[in-house]
Structure formats: C-alpha cells, structure tokens
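Note that these values count all heavy atoms, side chains included, but never hydrogens, waters or copies made by symmetry. In each ligand, atom 1 is the first atom listed, and ligand 1 is the first ligand listed. For the single chain, residues carry numbers from 1 onward in sequence order. Just so it is clear, the model here is predicted, and its values are computed rather than measured.
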Amino acid sequence: MAENEPDPYDVALQQLKTAAEMLKIEPWIHEFLKKPQKALTVAIPVRLDNDELVNFTGFRVQHNNARGPYKGGIRYHPDVTVNEVKALAMLMTWKCAVLDVPFGGAKGAIICNPKNMSEGEIERMTRRYGYTIMDIIGPHKDIPAPDVYTNQQTMAWLMDTYSIFHGQPIPEIVTGKPVFLYGSEGREEATSRGVMFCAREAANKALNLDLKGLRVAVQGYGNVGWNTAKLMHAAGSKIIAASDSKGGIYSDNGFDPVKVYEHKMKTRSVVGFSGTEEISNEGLLELECDILIPAALGNQITKPNADKINAKIIVEGANGPTSPEADKILYERKILLVPDILANAGGVTVSYFEWVQNLCREHWPEEEVNKKLENKIVKSFNGVYNISQKHKCDMRTAALMLGVGRVAEAIRTLGLWP
Ligand code: NAD
C-alpha cells in the first residue's frame, strides 16, 4: 500500500458506519459487524525448484455467515495485507446480500509474486495453503473462488487437495473451476457480464442511451478487464483505451479487444498493440470517455485525481478502486458510479449457480446461466438505483444500505448466542 493511500479496512468500517447510520441499525448489530468472525493467518512453507525453502504468509478471513456459508476469492499478490483481506471479506458479505445470494463474506490471500514463480511452485504453494485452511473451509462452511492472479487451475488444485483429504471428489468446495471439471458455463465471463449489464442499465438511466457507440476505457486487462472489453465491444461500444501493470494503450478510433488480448498473450502486455499510442495508467483514468471501467486493483481513483476524471459513468469491475473522498467528489460532479458490490457481483452470482449445480450434480446450459445472471443483476441494479433516488445518495451508499440492511435483518432475527 502506498503511503498516502487510505487503509482499506478503515474504508470498509467507514462504509459500514455510513450505512448503519442511514439505516438506524441497532448499535449491537453495528458492533457485531465491525469485526470478521474469524481471521486466520497461516505459514505456507514451499520448496522452490532450486531447493530453497520459502515460508509464505497466507490468510483466510471470514467476515459474516448470518445469511449463508462464507464465500470469497483467493488473491496471490506481493502487496496484499491482512487489513486488505479483512476489508474484502466484509465487502463480500454486503455483495452477496445485495445480489440476494445465500452466502456470507470471506476472502483469502497469499503474500507472493506468482509472476516470479514456476507452475510447479504455484501448485505446491496452493495445495499447502489449501491444507492449512482445510479446517475452516467446507462446501457448507466456506467456499473459495479465484481472485487476482488465481484462476481455474488454482481452483482445480484446491478441489483436488480437499478431495484427497476427504477420500472422495468434492467439487462443491470451490467455484470458478474449469467447465469440464464441474465448473459452470458462463463463470469465466460472469463478472464481466455483470459489469456490462450494469454499464447498460447505468447508460440507460444517466444518458438515456444504450451501449452502442459509447466510448469505453478499461483499466486492467486480466479476467475482468479483458472480458468486459470484449462484451462491451460485442454490444457495440467503442473500446478506446486499456491497460495492465506494464502500461496502457489508447486509440481515438477504438480497437478490437480480442486482438489486443491475443497481443497480450504473445507479449505479456497490451502495450505496443499496433495502431494505438501508449498512455500511462493515470492517463487512462483521466481520458474523456462515456464509461470508465477500473478493473485492476484498489485505490485507483482518489482525492488527487477525482477532479480530473472525464467519464460520465464509472462501473467498478475491481474491488475498492475508489476512495471515500473520491466518491464524494464524483457524486458532486454528477458522475454516476456503479459500486463494486453491485457492479462486479456477477462473479459471485454465477459462483452460486456453480455451487448449486455441483450440489445437484447438474450442468446448466450457458443461455440459462446468463439469463439467470441478467435477471439478478438488473433486479439488484434497480433496487440500488431506487434507494439512491429515494434517499438522494450515491449508488455506493444505496448498495451498502441494501446489503448491510439485509445482513442486519438476518442477525436481528437469528439473535445473539448465548
Ligand atoms: P487478474 O489477475 O486476472 O487481472 C488483473 C489485471 O490487472 C492484470 O491485467 C494486471 O496486469 C492488471 N494490473 C495490475 N496492476 C495494475 C496497475 N497498477 N494498473 C493497471 N493494471 C494493473 O484479476 P481479475 O480477476 O481480473 O481481478 C481484477 C479486479 O476485479 C480485482 O480487484 C478483483 O478483486 C476484482 N474482481 C474479480 C472477480 C473475478 O471473478 N475474477 C470478481 C469480482 C471482483
């Protein structure tokens, strides 16, 4: 975390406080929700290919399970901190509630740089991590999923590790698996499809337009960023900029995101794609465009650059890309921001569909998955939008009111034991 960046857990607590005050939630429930129910730190000793041993640090944080088993991704990143994981776990609780899927919130992480590790090293680290958190996860307890720098392969290793220790295949222990290994059709693109549905609904409300011809800039070209660019392009939008950790590209005429993806697969970056000029990640955020989609990491739009944002709509593909101070500035500037706990909830929604399919040993067709996803996202978008209109507040506050309100209602009714 850079020196001036707000601590993500402080931000999460501030968001909870705002929602609790707006909803006049009982102080005991607010107090209950401030802390994760469990935060486990584990050591993950891994033998590297050169025989050296590295003892990585990992986390699994379970925020709240009043509405269902904990659910949340696993992130591999050199800069990840326990406070970030605690914040992301809390966000997952609200996200599942906003979408009304029967899960609570969790998150996991390992402090590591997978870009500097071989596949064998990542596999050994993943399996050892799975083993060390095995007591607190389970198909009806806590179901992990992919996040930054983890993918279907990571989930397959986790499923295998858990299954070996339980003497039978247990695919419902994780979601985001390969489609041929109990994964769901549509899961790979689900987060981005949700982002696209939110962008469509937001364009309709804010600009009275559909997605055709709208100018879109996407920060981050991983699972969420690139799939969003592809789906928005297919819906008729013009993708004018994209970036990754190595830099960004811009073209006023727009470009084909699939070709950019192929270029990235060959060269490991979007930078250098023909017919585009190079821009910085900061420059991308400040481009004049209709829709800006931050789809990389947290804390990208903050007080210093919120005034310089030139988009009409922001749809948060990433978790926590906008700071609370920036939220205020953007709201005053009448930029419609669709917050992470709604905008990127397509992933957890189809994860829920995957879990249901696994439990019933069913496999639904992609059209069915996509239609069910669209229904859930559009319903949640409208629910959040209506709250924001009624209470004259931004969409983040409205989404938090919906999510925190549902969790509080569950806790109030379950009561406090003993
Ligand atoms: P990913 O690992 O597939 O991709 C991350 C991308 O961000 C890469 O292209 C990387 O190069 C880029 N990046 C890293 N640092 C950057 C920087 N400083 N500037 C610009 N780009 C940078 O991860 P992902 O799964 O696409 O996740 C991206 C974001 O979306 C994260 O915040 C994650 O929590 C959130 N998210 C992901 C899912 C999902 O289903 N994958 C669901 C909900 C939310």
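Considering backbone and side-chain N/O atoms, Y149 comes within less than 3.5 Å of an N/O atom of ligand 1. Close N/O approach between V224 and ligand 1 is found [any backbone or side-chain N/O within under 3.5 Å]. Where the criterion is an N or O separation shorter than 3.5 Å, residue side chain and backbone included, N344 fails it with respect to ligand 1. For a threshold of 3.5 Å applied to N or O pairs, the pair formed by D147 and ligand 1 contains at least one separation below that value. Some N or O of G222 is nearer than 3.5 Å to an N or O of ligand 1, by distance alone. Any N or O atom pair closer than 3.5 Å counts here, and N223 shares at least one such pair with ligand 1.
Closer than 4.0 Å to atom 18 (N) of ligand 1 lies none of the heavy atoms of the protein.
Within the 4.0 Å heavy-atom shell around ligand 1 one finds R187. The shell of residues lying under 4.0 angstrom from ligand 1, judged by heavy atoms, excludes K246.
The backbone N or O of K372 sits nowhere less than 3.5 Å from a side-chain atom of N375 that would complete a donor-acceptor pair. Put simply, the side chain of R406 gets close to the backbone of A97: a donor and an acceptor are under 3.5 Å apart.
Scanning for side chain to side chain contact (heavy atoms under 4.5 Å, CB included) contacts around T276 gives I249, S251, F255, F273, with sequence neighbours left out.
Atoms of ligand 1 found under 4.0 Å from any heavy atom of A318, numbered from 1 in the order shown, are 29 (C), 30 (O), 32 (O), 35 (C).
Between K328 and D394, none of the side-chain N atoms (NZ, or NE/NH1/NH2) sits under 4.0 Å from a carboxylate O, so this pair counts as no salt bridge. With respect to E123 and R127, a salt bridge is recorded, a charged nitrogen being found less than 4.0 Å from a carboxylate O.
In terms of protein heavy-atom proximity, atom 42 (C) of ligand 1 is closest to T191 OG1, 3.3 Å.
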